[in-house]
Student: 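If you scroll down you'll find the structure; I have some questions about it.
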Number of protein chains: 4
Amino acid sequence: MRNYTLLGTCPDKVGIVARITGFIAEHGGSIIRANQYEDIETRMFYMRYVVDANTLNMDAESFRQAFIPIAQELDMEWRLTDSEVPQRVVLLVSKLEHCLADLLHLWRSGDLPFDLACVISNHEDMRRLVEWHGVPYHYVPVPKDEEGKRAAFDQTAQLIDQAKPDTIVLARYMQILPPWLCRAYPNRIINIHHSFLPSFIGAKPYHQAFQRGVKLTGATCHYVTEELDAGPIIEQDVVRIRHHDTVEDLVRLGKDVEKTVLARGLRYHLEDRVLVQGNKTVVFT
Amino acid sequence: MRNYTLLGTCPDKVGIVARITGFIAEHGGSIIRANQYEDIETRMFYMRYVVDANTLNMDAESFRQAFIPIAQELDMEWRLTDSEVPQRVVLLVSKLEHCLADLLHLWRSGDLPFDLACVISNHEDMRRLVEWHGVPYHYVPVPKDEEGKRAAFDQTAQLIDQAKPDTIVLARYMQILPPWLCRAYPNRIINIHHSFLPSFIGAKPYHQAFQRGVKLTGATCHYVTEELDAGPIIEQDVVRIRHHDTVEDLVRLGKDVEKTVLARGLRYHLEDRVLVQGNKTVVFT
Amino acid sequence: MRNYTLLGTCPDKVGIVARITGFIAEHGGSIIRANQYEDIETRMFYMRYVVDANTLNMDAESFRQAFIPIAQELDMEWRLTDSEVPQRVVLLVSKLEHCLADLLHLWRSGDLPFDLACVISNHEDMRRLVEWHGVPYHYVPVPKDEEGKRAAFDQTAQLIDQAKPDTIVLARYMQILPPWLCRAYPNRIINIHHSFLPSFIGAKPYHQAFQRGVKLTGATCHYVTEELDAGPIIEQDVVRIRHHDTVEDLVRLGKDVEKTVLARGLRYHLEDRVLVQGNKTVVFT
Amino acid sequence: MRNYTLLGTCPDKVGIVARITGFIAEHGGSIIRANQYEDIETRMFYMRYVVDANTLNMDAESFRQAFIPIAQELDMEWRLTDSEVPQRVVLLVSKLEHCLADLLHLWRSGDLPFDLACVISNHEDMRRLVEWHGVPYHYVPVPKDEEGKRAAFDQTAQLIDQAKPDTIVLARYMQILPPWLCRAYPNRIINIHHSFLPSFIGAKPYHQAFQRGVKLTGATCHYVTEELDAGPIIEQDVVRIRHHDTVEDLVRLGKDVEKTVLARGLRYHLEDRVLVQGNKTVVFT
């Protein structure tokens with residue numbers, strides 16, 4: 001079933017839902033799923049409508065044109081997506097395979113629909129796996145010195161730009177993106193951090209968790225912003241650990257949570273269920 | 001903040017949401033929360049709207065009157081509840097204290113708002129606890145013979161009817177209600193079953209779980225229907241068990257899940273988040 | 001069944017288990033449960049043995065006497081507890097009832113066996129509930145000024161000392177204990193912190209969690225040390241939250257996790273399952 | 001670190017642990033991990049010892065020889081495994097890729113160490129993926145008629161026998177093995193069932209779960225016995241579902257749980273943590 005998804009946010013006032021659902025009904029549209037949320041503190045309104053495309057008397061482009069005056073009237077930021085136009089994704093990865101392997105499986109099997117433009121890595125390790133999938137693999141090593149780093153990220157950014165992605169996924173990419181690159185794709189770069197943020201920000205979170213003696217460890221899927229590990233959180237989960245678990249056990253147990261949380265968070269994003277609200281997310285599940 | 005909650009279900013067609021939200025907007029109503037769900041198989045539509053009562057130009061009774069023609073037009077079953085009119089509840093309990101104690105605490109502290117009409121029990125054990133709370137306690141022993149049983153349930157039903165409850169909660173009441181009593185309060189009698197249904201229906205589920213060697217045990221909060229343990233499920237949860245756990249350990253671990261699941265399921269019900277759909281529930285959380 | 005539980009820790013070397021289980025076997029003791037753990041980093045050994053008291057040819061005191069030379073030989077810190085001598089507990093609470101109510105229920109029903117010496121509070125709110133249980137209630141207000149505070153904690157410490165407790169539980173006691181009081185009861189003061197530590201240390205963790213937009217919130221049961229919220233963690237758990245949950249919702253959802261985590265952590269402690277290892281815990285479940 | 005793992009079960013009596021740990025200590029063995037469990041009902045004793053191989057004054061074969069008289073004395077069923085001799089595994093799969101892909105990743109990356117002898121399937125779908133891994137792929141179609149079925153399972157059994165596996169994994173193999181084949185590898189065939197057993201035994205469990213309206217769905221990893229879906233359970237887990245989830249959503253959400261539960265259960269088995277006790281398992285985690 002072909003659907004259009006209308007996502008929007010605007011200042012709250014009486015009659016928004018009536019205005020929008022009235023517009024959809026006028027054009028014969030059957031609403032499959034609807035979510036609204038009004039933030040009481042900020043008086044902002046967030047919404048997601050999924051409309052059965054076959055019931056509408058217009059196509060996606062006509063819908064967009066017709067919706068412009070309503071959006072202006074409501075002072076709404078919005079977008080309309082088409083379930084038959086999958087998002088275009090670029091994956092970045094370093095040496096750890098578990099998240100990449102899981103995403104490649106979900107892509108290959110069609111369980112998570114998206115267009116995979118290419119994989120970029122600062123190592124060669126994943127080339128064979130990626131190329132077997134028929135996906136271009138770009139090796140861009142990142143040196144430690146400032147100048148080398150800058151050149152590497154220029155090249156990375158160029159490769160990303162050429163791929164024209166909707167979404168960029170850091171599937172355990174162990175480099176910190178420069179601020180200008182974060183800014184270039186706001187709310188479109190997704191990272192998986194291997195801790196239950198805001199615990200254990202930065203390097204070696206499993207070592208930090210081990211030292212602190214926590215009884216649960218976790219993973220956090222979030223949008224990348226200029227501030228390290230501080231962007232809007234999309235999804236989190238945890239796994240129980242025991243006193244006899246070593247750092248290596250934590251790493252292994254964490255891998256399961258990381259891949260699950262990244263896949264779940266990316267699914268929410270690709271299905272247009274996520275709206276960013278300041279440094280938080282509204283996730284319509 | 002005083003709210004009105006409008007719950008409804010009707011056959012799906014284009015324009016329902018527009019019709020209803022249009023009506024609310026006409027009367028100045030600000031929608032705080034909205035949920036819709038369309039069941040694709042049955043083509044039935046389910047909805048819940050929470051409206052800020054202070055923004056409306058009418059009171060609850062006027063709302064109900066004004067909504068009647070719309071409901072008829074849409075062939076909708078519906079109800080409008082007022083956050084300042086708490087539901088009236090009757091609790092039934094036998095000898096086990098954990099669920100009762102938790103509900104009494106939630107009631108006493110105001111963490112779960114409802115009016116507690118009375119407690120009915122087939123044992124005297126809980127009298128002191130209940131009466132300390134200033135709540136009437138009715139002792140109705142249930143004999144094993146048919147005639148005695150019938151008389152006991154007649155008396156129980158009479159006590160319930162006199163209390164004029166909106167909702168009846170079986171908080172580990174270890175008797176099977178007669179069918180005529182189940183039918184008298186459709187979708188208004190809530191039971192907590194001490195297993196993860198449909199596993200281990202009937203008596204001694206923890207013994208059954210122990211024998212089968214399951215690795216998780218659970219609890220199920222459901223509406224009571226004539227068929228034992230087969231009514232619409234409102235909420236479920238599980239807890240991990242280990243090979244060294246005895247039946248007594250399962251009972252103890254289960255108590256935590258039972259009280260949590262009952263409190264959660266009852267909250268959904270009292271907050272008018274639950275709509276029954278055949279033998280299933282729509283829960284707008 | 002009467003049991004003795006032998007808990008111990010010593011530097012690791014070959015033959016410890018053989019030595020101890022040999023000693024128990026010599027005296028006819030049947031081992032019901034045994035746990036050992038060797039920390040690879042520190043080369044320390046931790047153990048817990050539960051022995052069927054009826055199979056032993058000596059009582060607890062004779063066991064202790066006979067075990068002294070073995071403990072010296074192994075350089076072991078140890079204790080032997082008797083299942084028929086329940087621990088003596090003092091509860092401290094402020095105004096929030098949920099943890100106290102849950103512990104009082106577990107105590108009253110015998111689901112968690114301990115001797116409840118008294119409850120101490122800096123408010124009068126919980127007096128009626130506690131006294132109904134036949135438990136002494138001491139009201140010790142804590143003023144804001146340094147001198148008043150010192151006097152209040154002197155009095156609190158005196159009341160604790162008089163009660164001769166094995167364990168002190170801070171069941172949402174909203175005051176920071178002075179360092180000298182923490183030091184007086186090492187690994188015997190248990191606190192429930194209303195966040196998933198080390199996230200959101202200090203005041204108003206639910207507000208902090210709300211601001212950060214986390215998708216799970218949690219609770220942490222830990223031993224109290226001089227450094228705030230930094231003591232050895234005994235147990236933790238989390239609950240899922242949604243974008244529409246307000247701070248008040250977080251507080252309410254958190255209450256369920258707090259009481260569950262405190263009850264679970266306290267059970268581990270009272271059943272002598274917890275050994276402290278530096279700033280971490282070994283929990284033999 | 002090279003380890004030997006000693007697994008055993010025998011009738012309980014005083015002195016078993018002392019006898020065995022005494023034997024290990026005599027030979028200089030340092031015990032890394034030890035677990036014992038005494039079943040109170042059956043008076044059977046279950047144990048697992050992990051010994052640092054480098055501390056022992058004998059190799060695995062000499063250990064086995066020296067242990068024979070002790071095992072006879074204790075009437076013990078036992079085995080000693082060597083961490084440097086990984087188990088040999090045969091995988092069976094039909095058309096669904098998620099469990100196979102996950103196990104292949106865990107094998108390829110070394111995250112779950114075992115020797116992969118071959119993959120057998122009643123379909124050709126997974127050939128390309130398996131062969132890319134350099135693993136032999138045997139296609140054995142299973143016809144619907146009795147005679148064809150018998151021939152197919154004869155061939156399957158022959159392929160299994162030739163591979164000389166320690167363990168056989170049904171990674172969503174959608175055929176019921178004949179009883180004689182189940183009997184040939186007792187407690188060595190591991191299946192993943194796509195429901196929370198004993199709920200929804202047999203075919204189409206997600207459809208059954210959908211019809212019943214459960215709020216959680218699950219997966220069960222168990223040993224295969226002659227009775228369908230009734231063998232000893234090794235591991236289970238669940239995932240929350242919502243009223244708006246279709247059967248297809250359940251299938252998708254279930255895939256995550258299935259692969260996680262199978263990987264976890266298989267790990268317990270391959271690490272020699274599982275002992276079968278009648279129709280239940282003792283899992284030393």
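Below, read A as the first sequence line, B as the second, and so on, with proteins coming before strands; counting in each chain starts at 1.
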Student: Spell out the residues in residues 201-226 of chain A that have some non-hydrogen atom less than 4.5 Å away from a non-hydrogen atom of chain C, in order of number; otherwise answer 'none'.
Tutor: A:Phe210, A:Gln211, A:Arg212, A:Gly213, A:Val214, A:Lys215, A:Leu216
Student: Write out, in numerical order, the residues from residues 176-198 of chain A with a heavy atom short of 4.5 Å from a heavy atom in chain C.
Tutor: A:Phe196, A:Leu197, A:Pro198
Student: When you measure from the side chain of C:Arg242 to the backbone N and O of A:Phe284, does any donor-acceptor pair fall under 3.5 Å?
Tutor: no
Student: Counting only non-hydrogen atoms closer than 4.5 Å, can you tell me which residues of residues 33-40 of chain A sit against chain C?
Tutor: A:Tyr37
Student: When you look at A:Asp237 and C:Arg240, which way does the side chain to side chain contact (heavy atoms under 4.5 Å, CB included) test go after all the steps?
Tutor: CA-CA 9 Å; A:Asp237 216 336; C:Arg240 191 158 286 276; 3.6 Å; yes
Student: For A:Thr281, does its backbone N or O pair with a side-chain atom of C:His243 as donor and acceptor, under 3.5 Å?
Tutor: no
Student: Which residues, numbered in order, of residues 250-273 of chain A come under 4.5 angstrom of chain C by heavy-atom distance?
Tutor: A:Arg264
Student: Using a cut-off of under 4.5 Å on heavy-atom pairs, state which of A:Val283, A:Ile234, A:Val238 scores highest against chain C.
Tutor: A:Val283
